[in-house]
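I have placed the structure first, in the form of structure tokens, so that the comments after it can refer back to it.
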Amino acid sequence: MTAAHWLVKSEPNAYSFADLQRDGSTVWDGVRNNAAALHLKAMKVGDEALFYHSQEGKEIVGIARITRTAFPDPGDPSGRFVAVELAPVKSLPKPVTLADMKAAPALSGMAMIRQSRLSVSPVTKAEWDVILTMAG
DNA sequence: GCCAACGTTGGC
DNA sequence: GCCAACGTTGGC
């Protein structure tokens, strides 16, 4: 089974890719959305995720790797939601902006474009390859 | 700052 | 169990 691909969003004001690089790894918690939680639960160690900055930047800035599969979110009293752990892989030579992605026909079906509020979404291998090519 | 999308809550 | 009201997210 090949590793799956994902996209995670973060407001850089709250937690940026630079923060992840500084920390070495982080607990990806605070997701309070069922669809996003399902994706978190589907993540495997070794899967890679595009790291997207929402609001500020609106661009994919780096790649992260899943280092721990889903466990109950420590900050969620209801026990419904989960967290994973991420580590930085590398920053992209050239960030890929939302405008770039919208302008690319190959990416028009992307989950994050079709449903912009989803904070964790799957990325197909084809989409992944297109984005990495765009990133230089 | 506004508004659209969409998930969640609560009254019935 | 339905659905209106409300809250939150995120692009513009």
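Predicted, not measured: the structure shown is a model, and the values here were computed from it. Labels below follow one simple rule: chain letters A, B, ... track the order of the sequence lines, proteins then strands, and each chain is numbered from 1.
With hydrogens and angles left out, the side-chain atoms of A:D100 and A:T97 include a donor and acceptor closer than 3.5 Å.
Remark: A:Q115 is not in phosphate contact with C:dT9, judged by side-chain N or O atoms under 4.0 Å from OP1 or OP2. In this model, the phosphate group of C:dG11 is approached by a side-chain N or O of A:Y52 to a distance below 4.0 Å at OP1 or OP2. Put simply, A:K102 has a side-chain N or O that comes within less than 4.0 Å of OP1 or OP2 on C:dC12.
Residue A:M110 contributes atom CE, which lies 16 Å from atom C1' of C:dG10 at whole-angstrom precision. B:dC6 atom C1' lies 16 Å from atom CG of A:L38, rounded to whole Å. Straight-line distance from the CD atom of A:E59 to the P atom of C:dG11: 12 Å, rounded to whole Å. Summarising the geometry, the separation between CG on A:L7 and C1' on C:dG10 is reported as 14 Å, rounded to the nearest angstrom. Going from atom CG of A:L98 over to atom P of C:dG11 covers 6 Å, rounded to whole Å. A:Q55 places its CD atom 17 Å from the P atom of B:dA4, with the value rounded to the nearest Å. Atom CG of A:N13 is separated from atom C1' of C:dT9 by 14 Å (rounded to the nearest Å).
The one candidate from A:V8, A:D76, A:L40, A:V84 that meets the side-chain contact (heavy atoms from CB on, under 4.5 Å) condition with A:V31 is A:L40.
The A:E11 side chain lies nearest to C:dG10 when the options are C:dC12, C:dG10, B:dG7. Set against B:dG7, B:dT9, C:dG10, the side chain of A:R80 has B:dT9 as its closest nucleotide. If you check C:dG10, B:dT8, C:dC12 against the side chain of A:F81, the one that comes closest is B:dT8.
When atom types are taken as modelled, the side chain of A:H39 and the backbone of A:V120 share a donor-acceptor pair closer than 3.5 angstrom. Side-chain N or O atoms of A:E127 include one that pairs as donor or acceptor with a backbone N or O of A:T124 at under 3.5 Å.
Residue contacts shown for A:L118 are absent, as no nucleic acid heavy atom lies under 4.0 Å away.
Between A:F51 and A:W28, the distance from one ring center to the other falls under 6.0 angstrom.
With hydrogens and angles left out, the side chain of A:R32 and the base of C:dT8 share no donor-acceptor pair within 3.5 Å.
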